[in-house]
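Notes for the one structure printed next.
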Amino acid sequence: MKTYPKKRIEIMVEAPLMNRVISILDENETGGYTVLPALAGRGKDGSWHRDGLVGRVGSVVQIVVILDETRADDLLDKIFQLVSCQIGIVTVSDVQVVRPENF
Amino acid sequence: MKTYPKKRIEIMVEAPLMNRVISILDENETGGYTVLPALAGRGKDGSWHRDGLVGRVGSVVQIVVILDETRADDLLDKIFQLVSCQIGIVTVSDVQVVRPENF
Amino acid sequence: MKTYPKKRIEIMVEAPLMNRVISILDENETGGYTVLPALAGRGKDGSWHRDGLVGRVGSVVQIVVILDETRADDLLDKIFQLVSCQIGIVTVSDVQVVRPENF
Amino acid sequence: MESVLGLAVSNLTSPMILFFLLGLLAALGRSDLNVPEAVAKGMSLYLMMAIGFKGGVGIAEHGVDVTMVLALLSGIVLSAVLQLIAFALLSATTALSRVDAAAVAAHYGSISIVTFLAASQSLQAVLLEPESYMVAVAAVMETPAIFVALWLARGNGIRLDAATLREVALNGSIVILTGAFFIGAISGTEGLKEISPFIIAPFKGVLCLFLLDMGLIAGRGLKEGRGSFTMPVMAFGLYMPLIGAALGLLSGWSIGLSTGGIALMATLSASASYIAVPAAMRLALPEAKPSIYLPLSLGITFPFNLRIGIPLYIYLAGILSGGAL
Amino acid sequence: MESVLGLAVSNLTSPMILFFLLGLLAALGRSDLNVPEAVAKGMSLYLMMAIGFKGGVGIAEHGVDVTMVLALLSGIVLSAVLQLIAFALLSATTALSRVDAAAVAAHYGSISIVTFLAASQSLQAVLLEPESYMVAVAAVMETPAIFVALWLARGNGIRLDAATLREVALNGSIVILTGAFFIGAISGTEGLKEISPFIIAPFKGVLCLFLLDMGLIAGRGLKEGRGSFTMPVMAFGLYMPLIGAALGLLSGWSIGLSTGGIALMATLSASASYIAVPAAMRLALPEAKPSIYLPLSLGITFPFNLRIGIPLYIYLAGILSGGAL
Amino acid sequence: MESVLGLAVSNLTSPMILFFLLGLLAALGRSDLNVPEAVAKGMSLYLMMAIGFKGGVGIAEHGVDVTMVLALLSGIVLSAVLQLIAFALLSATTALSRVDAAAVAAHYGSISIVTFLAASQSLQAVLLEPESYMVAVAAVMETPAIFVALWLARGNGIRLDAATLREVALNGSIVILTGAFFIGAISGTEGLKEISPFIIAPFKGVLCLFLLDMGLIAGRGLKEGRGSFTMPVMAFGLYMPLIGAALGLLSGWSIGLSTGGIALMATLSASASYIAVPAAMRLALPEAKPSIYLPLSLGITFPFNLRIGIPLYIYLAGILSGGAL
Ligand SMILES: Nc1ncnc2c1ncn2[C@@H]1O[C@H](COP(=O)(O)O)[C@@H](O)[C@H]1O
Ligand SMILES: Nc1ncnc2c1ncn2[C@@H]1O[C@H](COP(=O)(O)O)[C@@H](O)[C@H]1O
Ligand SMILES: Nc1ncnc2c1ncn2[C@@H]1O[C@H](COP(=O)(O)O)[C@@H](O)[C@H]1O
Ligand code: NA
Ligand code: NA
Ligand code: NA
C-alpha cells in the first residue's frame, strides 16, 4: 500500500500547559493533534502518579502531532520557546501515513 | 542486545469505531494490539475534549499494533477500507522488538 | 532546528508489574519516563478491557523512556530479564529530541 | 397565561435549571470547570437505573392496562412520524445533504432522557403524578429512529449489517433503562424500600450535578457549532420541538393519559437525543457531520426545552385535560 | 426444605441479585453497557470502608470476647486448610500444571468480600444479626492464601522477595478494610451517627450498581474463559464452595457463633477471591494463567454462591444452631 | 486549657481526622491504596457545590448585612497582608530564590477549602453556628494571592498576559463555589429542601473519603519532598499558620463576627492552598519548584491545621469573643 513520509512530533508537558501548546498548534494551522493522558512519570522534578491527584499539577499529557516535514521545523521553534523554561520534553520521529491530505 | 525489525501501526479512530477495527485485527490473526485512550484532540471536524463527554461521540482512541512487515501491508489495506470514509488517521513506523515471536 | 538522536523504549506490561519496571528505571538512573494507561488490548492470554475492571489484573500500561543510545542496551537487558517470563512486549525506535540534556 | 409564567418563573429558580445555566455560562466564559468523564458516565448510569427502577415499581403497584399499551404504541408511531416530518422540513428549508438531514432527523425522532427527567421533576413540583409506565414509553422511543435514519439515507451505499443492528439495539443506555424497569417490576415496593435511600433521596441532587455537566457540554458545543449553523438549521432546532410537543399533546390526550402523562408525552416528542443517537450515527452514517447534529440537539433544543418548553407543555397539558392548572 | 426454597426465591427477587443477572445477561448478549473503571473502584472503596467501619463500631459496642479470638483463629486455619484441599483436588482431578493449581487454590483459600456483603444483606432480610467482628474474620482470611500459594508452587524457581511480601500485605483493599475497622472501633456509635447517611443508608443501592458491574465482568470472563475450561476444572468451581461451606459451618458452630455468624463463616469459606489474589498472582506467580483462575472464580463460583450458596448456607446454619429458621 | 485539650482529643477520634491519618500512614507505609483521580475530582466538585450552596441559602435566609461586607473586605486584605509577611519571612530566613519564595507565599495568602470544611464540622460538633457568608469570604480569599505572586516575582521576565489572568480568575473551583453560592442564594430554603438528601446528609461521609485521599497525597508528598526541605522551610510551614490565625482571629473579632465566624476567619488565614494556587503557579511561575510548595502546604501545614490548629483556633475564638467555650 502506498504511504507518504511525515513527521510525528510528541510533546510531553504538564497538564496546566496543555492549553498553551494547543493554542500554538491552532495558530499554526496544524492539521490536527491528539492528546493522550499519562498515568505516572518521572522527570527532573521527581515522580508523580495520577491517582489521588486533586488538582492538575504534576500530571502530564502527551500531545501527538502528525505533520509534513516542511511545517515541522517552524512548529518546533514555537513550541520550544514555550516549553524551554517549563517542564516538558519534545521528540520528533519519522512515520508513514496512508492518506497524504490534511497534514 | 539483539533486536528484530518490526512495524508499528497506529490507528486513531473515534471510539464508536474501535470495535470494528478490533474485529479486523482479530480476523487477520494479528498477534496482539493495545488501545490507548485519548484525552482531547482536533481534526477536520473540530476539536473535542474527553471530560464531560456523556456519550462516546468525539472521543478518540489510539490503537497500536506491532507486527511483522510481511503482514503489515495486508492489514493496512483492510483497515484503510474501514477508516477511509470515517474519521481517523493511520500511521506506520519502524521499531525494533526484543522477542521476535508473536508478531 | 537542531535536534539530537535518542532512543525511545516502549514497554507494555500489565499494571501489577509497573512498579517493578519503574524500580529498574530508577536504579538505572534513567533521566525520566512516562507511563500511559491503556484502555483495552489483546495478547497471547486473550483480550481485556479497562471498563469494569475491579482489580488491576489484565490492564496494561505503556511505559515510555527516551534515553541515549549508549544507555539503551544496558537498560533493555535488565528489563528483558523481568519481562521475559511475564506478560509484556518491548519495542525500541529512533527519535530526535530538541534538548539534549537529561537523557 | 399567568400560570404558565408562574411555572416558568418557578422553573427558573429551581436548582436544576440554575446549575444547567451555571454550566452554560462557565463554558461560554471559557472556564476550565469540568466533570470527569467517568463521573459523568457514573451519574448517567445512576439516573437511568433510578428512573427505570421507579417506573417498574409503578407497574408492579398499578398493574398493566390498555392505556399503557396505547401509550407504548403511540410512542413508536410518534417517533417515526416526527422523524419523517423533521426530514421533510430539513430537506425543504435547509441546504443540508440527504445524509445530514437523515442524521439530524433521527435525533428528533428519538428522545432525551434528561429532558424527560427534568419534566418529571417539574410535574412533581406542581403535584401532578404521571403514569409510571411513561418511562417505558421513553425506552421504546429511543432507538427506532436510528433504523429509520438508515432507511432515509439509503441509496448512499449504506447497508445495515447485523453487527450494527445488534450494537444499536443493545446499547448500554437501553439495557440499563429497561433492565432496571423489569427489576423494579419484579422486586416491587419491597425492593424499592431497600434501595430508596440510594435511588430516590439523592436523585434531584445528582440531577443538579449532571445538569451542570450538560450545561458545560451544551455551552462548548454551541461555541464549536457556531460555524456550522445556518439560520434555517437553528430555526429548526427551535420550532421542531414545538411541532413534536403539539403531536405529543394530541396523542397523549386522545389515548386518555392523565395531565402529567400528556405533559411527558409532549416532552418526549419535543426532545432530541444527544447520547444514543449520535453514537449510533457515527457507526451507521459516518458521512453525516457530528458538528451539526450534536450542537443543534444539545446546544439549542435541549436548553429550549429545559427553560421554555417544559413549563409550556405542562400548562398546555393542563388545559387539554381540563385540569385545574 | 421449603424454607430454603423460600429463601432462595426471595433471594431471586432481591434487586441485588437481579442487577447481577442483568449484568450477566448484558455481557453474554454483547451489549456495550459498562461501568467506568474509576466508578467501579470508587464503589469498591466505598463498600469496604462502610463494611469495615460498621464492623469496628460493632466491636466498640459489644467489646471483644473469647469467641472473637476463636473466630479469627478459625478463619486463618480454614483459609490454609481449604487451600491445601483445593490444591490436592486440582492436582488429582485436573490436568493443570503445579503452578496453575497453586494459583487457583489460592483463590479458594482467600475470600470474596462482595459475596460476604450479599450474605450479610440476606441475613438482615431474615432478621439474623451476625457478630460484628465477622468482617475482621474476612480481613484475616484475605491474604494468607497468597503466601501459601508461593510455598505450594516452590521448586519452580519462585522466590519470595521482600518487595512482593510488602506489596501483598499492604494491598489497598486490606488497608482500607482494616483501617476503617479500627476507625469504627475508635470513633464508635458517635462516629457512626455522623456518617451513617453516607455509609449506611445508600449502602444497598450502591451494592446493586456494583453487582451490575460484577455481572458484566463475570459474563465477559465466562465468554473469554470458555476455551480454557475443562469439565473437571468447571466442576471444581461448583463443588469446592460446598466443601468450603461445610468446613465453615462446622467450625463456626463448634466455636459457638450465632446462626448469622455461622452462615457468614460458611460463606467466607465457600467464596473465592477475584480482586486481591489475582493481582498478587500476576506479581508472584506470573507463569500461572489468569485465563483460568479469573473466570473460574468470578464466572462460576461467585454466581453460584450468590444465587444458590448463600440461601443454602443460611438454611444449614439455622439447622446447625437449632434456630427457628 | 483543658477544654482545648478536650476539643483536640474529640477531634482525634472524629472519623474525618482518623481517615486522614489512615491515608497518611498508608502512604508512608507504601501501600498501593489509592482513590481514582476521577473519583477524587468528583468528590471535590461535590464538596464545593454543597458548601457553596449551603452558604448561599444562608444568605437567602439571613440577608446581607454590614458585617458581611466587612468580612469580605477583611478577607481580601488579610490574604494580601499574609502573603507579604510570608514572602518577607521566607526571604529573610530561607535560601529560597525570589521566584520560589513568591510561589510559596502565594499558597499561604490563599486558602484551603478542605481545612475550612473540617473547621466547619468541628464547630458544628461544639454547637457553634458561624455566619453562613463565611464561604463567600473563602471564595474571595482564594485567587488574589496568585496575582500578588506574579507582582512579587516581577523583574524575572514575568509578564501577566490576559490568557493567564482569565484562566486564573475563572478556574473551575472558583466557578463552582461562587456559582453554587449564588444558586443557593436564589433558590433558598425551597431549593435546599429539594436537594438536601444529596448535599447535606452524606456530606460528612464524603468528606471522610476525601480526607483519606488527602492523607494519601500528603503522605506521598512528604516522602517526595523530604529531599527539598531545609529546616527553615519546614519551620515556616508550622509557624506561618499560627501567624495567619493570629491575624485572622484579630480581624474576625474586630469586625464583630460570632465565635464560629472568628474561628473560621482564623482557619482561612492559617490555611494554605494546594489545589488552585499550585496549578496557577505552573502556568504563571513555571520556574518555581513544585517540589517545595506542594509538600509544604499539603504535607506539613494541612495536617498541622487539621490536627492541632483547628481546635486551637476554636478555643482562642471562644476566649476572644468571651464565649462559654
Ligand atoms: N526521558 C524521559 N522519557 C520519557 N518521559 C520523560 C522523560 N523525562 C521526562 N519525562 C516526562 O516529562 C515530565 C516532565 O519532565 P521534566 O521536565 O524532566 O521534569 C515527567 O514527569 C515525565 O512524565
Ligand atoms: N495531524 C494529526 N495529528 C495527530 N492526531 C490527529 C491529526 N489529525 C487528526 N488527528 C486525530 O484524529 C481525530 C479525527 O481526525 P479527523 O479525521 O481529521 O477529524 C482527531 O480528533 C484527532 O484526535
Ligand atoms: N503485537 C502487539 N501489538 C501491540 N500490543 C501488544 C501486542 N502484543 C501484545 N500487546 C499488548 O501486551 C499485552 C500482553 O501481551 P501478551 O504478553 O502477548 O499476553 C496485551 O494485552 C496487549 O495490550
Ligand atoms: Na423527539
Ligand atoms: Na474461601
Ligand atoms: Na491563608
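What you are looking at is a predicted structure, and each value in this text was computed from that prediction instead of being measured. All heavy atoms count here, side chains included; hydrogens, waters and symmetry mates do not. Lettering of chains follows the sequences in order, A, B, ..., and the numbering in each one begins at 1.
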Close approach to chain D in [range], criterion heavy atom under 4.5 Å:
range                       : value
residues 46-58 of chain F   : F/M49, F/F53
residues 170-183 of chain F : F/L170, F/N171, F/G172, F/V175, F/I176, F/G179, F/A180, F/I183
residues 185-198 of chain F : F/I186, F/S187, F/G191, F/E194, F/I195, F/P197, F/F198

So for D/L22, is it side chain, backbone, both, or neither that comes closer than 4.5 Å to the heavy atoms of chain F? side chain
Need one label for D/F19: side chain, backbone, both or neither, based on atoms under 4.5 Å from any heavy atom in chain F. both
Which one wins on heavy-atom pair count under 4.5 Å against chain F: D/V206, D/L212, D/L21?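 Among the listed options, the one with the most contacts to chain F is D/V206.
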Heavy-atom pair count under 4.5 Å with chain F, highest-scoring of D/G205, D/C208, D/A201: D/G205
Between D/N34 and F/L45 the two heavy atoms that sit nearest each other are O-CD1, 3.8 Å
Donor-acceptor contacts under 3.5 Å from residues 123-133 of chain D side chains, at least two apart:
from, atom 1, to, atom 2, distance (Å)
D/E131, OE1, D/S258, OG, 3.1
D/E131, OE2, D/S258, N, 2.8
D/E131, OE2, D/S258, OG, 3.2

